[in-house]
Amino acid sequence: MEKDYKLYSSKAIANEFIRLAQKDNKTLTHMQLQKLIYFAHAVTLVIFKRPLVKDGFQAWPFGPVNLELYLELQGSGKNGIEKYIDLDQYHNDMKDDEETMKIIDSIYKKLGDKDGWELSKMTHQKGHPWSSVYKKGKSNLIDDNAIMYFYSKDLE
């Protein structure tokens, strides 16, 4: 029998990245959070063949963006996010989900020191799922299967 899994709110995932940054006496910007969550989503797709974030990502000018998180943090500009995002009862708690916590921790350790522009540039590689659906003035959804296929090539 296959293990049950949860889809998480981007806000809940963001809070875990914020927690890790605070442990290092750092803050993360909105752009960093968007991209770190995107990369955690991609790793989850490749390893477990399932999404991490329930609402997926859209192709915006500076890379993949989760709309739910964007609407929450849109006023933050280039400033670091210092406070946790308020969650309601519909946002899952992932503290007991060891697999997800390991992925978030791994992504933070590998990419948490990169600024938002560096992370954005990583999503603009030739052949990246973002580049195949991005159209100026549109917010096209980036297909999870395309994300999984693109990043699974790195593991071959």
Side-chain angles (χ1 to χ4, degrees), residues 7-48 50-85 87 91 94-95 97-136 139-156:
L7 290 173
Y8 293 103
S9 152
S10 59
K11 294 177 188 181
I13 304 288
N15 278 346
E16 290 305 315
F17 280 114
I18 292 167
R19 181 185 62 77
L20 290 169
Q22 286 178 345
K23 279 176 46 179
D24 288 342
N25 294 314
K26 296 180 187 176
T27 60
L28 298 169
T29 66
H30 180 185
M31 186 185 278
Q32 285 174 295
L33 284 170
Q34 286 282 359
K35 304 317 175 240
L36 292 171
I37 295 167
Y38 172 78
F39 288 121
H41 183 75
V43 169
T44 302
L45 286 166
V46 171
I47 294 174
F48 298 111
R50 63 170 172 85
L52 174 63
V53 177
K54 57 181 150 187
D55 295 330
F57 291 84
Q58 298 175 1
W60 285 30
F62 299 114
V65 170
N66 177 277
L67 185 59
E68 177 189 38
L69 187 63
Y70 172 80
L71 293 173
E72 181 70 31
L73 299 177
Q74 66 184 345
S76 64
K78 297 176 184 177
N79 300 320
I81 309 299
E82 296 182 7
K83 296 181 182 177
Y84 290 110
I85 299 168
L87 302 176
H91 292 86
M94 67 191 73
K95 300 227 182 325
D97 184 344
E98 284 184 39
E99 293 170 342
T100 296
M101 296 301 286
K102 283 180 185 176
I103 288 172
I104 292 168
D105 188 58
S106 173
I107 293 296
Y108 179 76
K109 284 178 181 170
K110 185 173 182 180
L111 302 174
D113 285 334
K114 296 190 181 300
D115 69 28
W117 295 109
E118 290 176 281
L119 295 170
S120 176
K121 188 175 180 182
M122 290 171 64
T123 67
H124 284 61
Q125 301 170 36
K126 185 175 182 175
H128 187 279
W130 172 89
S131 65
S132 65
V133 298
Y134 174 70
K135 303 283 185 260
K136 189 174 183 177
S139 298
N140 294 326
L141 190 64
I142 304 172
D143 182 68
D144 280 346
N145 288 322
I147 296 169
M148 183 169 55
Y149 176 75
F150 180 81
Y151 286 102
S152 66
K153 293 186 295 185
D154 290 342
L155 300 179
E156 291 177 349

Atom CD of E98: over 12 foreign heavy atoms under 6.0 Å: no
Evaluate L20 against D105 for side chain to side chain contact (heavy atoms under 4.5 Å, CB included), listing each step before the verdict. CA-CA 8 Å; L20 290 169; D105 188 58; 3.7 Å; yes
A40 and I103 have their tightest heavy-atom pair at O-CG2, 3.8 Å
Nearest non-hydrogen partners of K11 and E72, listed with the distance: NZ-OE1, 3.2 Å
Less than 3.5 Å apart, which donor and acceptor atoms pair up between the side chains of residues 55-64 and the rest of the protein, not counting sequence neighbours?
unit_1: Q58; atom_1: OE1; unit_2: W60; atom_2: NE1; d: 2.9
unit_1: W60; atom_1: NE1; unit_2: S139; atom_2: OG; d: 3.4

What one should report as the nearest heavy-atom pair of T27 and G80 is OG1-CA, 3.4 Å
Would you compute the distance between atom CD1 of I37 and atom CD1 of I13 and round it to the nearest 0.5 angstrom? 7.0 Å
Separation of T29 OG1 from I81 CD1 (nearest 0.5 Å): 7.5 Å
Please report the closest heavy-atom contact between G112 and L36, naming both atoms and the distance. N-CD2, 4.2 Å
N66 side-chain N/O to S10 backbone N/O, donor-acceptor pair under 3.5 Å: no
Interatomic distance, OG@S132 vs CD1@I142, rounded to 0.5 Å, equals 8.0 Å
Check step by step if side chain to side chain contact (heavy atoms under 4.5 Å, CB included) holds for V133 and D143. CA-CA 9 Å; V133 298; D143 182 68; over 6 Å; no
Whether E99 and K102 form a salt bridge (side-chain N of Lys/Arg under 4.0 Å from carboxylate O of Asp/Glu) is what I want to check. no
Students often mix this up, so state it plainly: with edges at 30° and 60°, are the rings of F39 and Y151 parallel, tilted or perpendicular? perpendicular
Spacing of CG belonging to L28 relative to CD belonging to Q34, to within rounding of 0.5 Å: 12.0 Å
Sort and list the pairs that fulfil side chain to side chain donor-acceptor pair (under 3.5 Å) and have at least one residue in residues 111-124, not counting sequence neighbours. K26-D113
For the atom pair OG1 (T100) and CD1 (I104), what is the distance rounded to the nearest 0.5 Å? 6.0 Å
State, to 0.1 Å, how close L73 and L33 come at their nearest heavy-atom pair, and which atoms those are. CD1-CD1, 3.9 Å
Do you know which two heavy atoms are closest between H41 and I147, and how far apart they sit? CD2-CD1, 4.3 Å
May I have all residue pairs that pass ring pair (Phe, Tyr, Trp, His ring centres under 6.0 Å) and include part of residues 10-30, sequence neighbours excluded? H30-Y70
Does the side chain of L119 reach to within under 4.5 Å of the side chain of M31, using non-hydrogen atoms? no
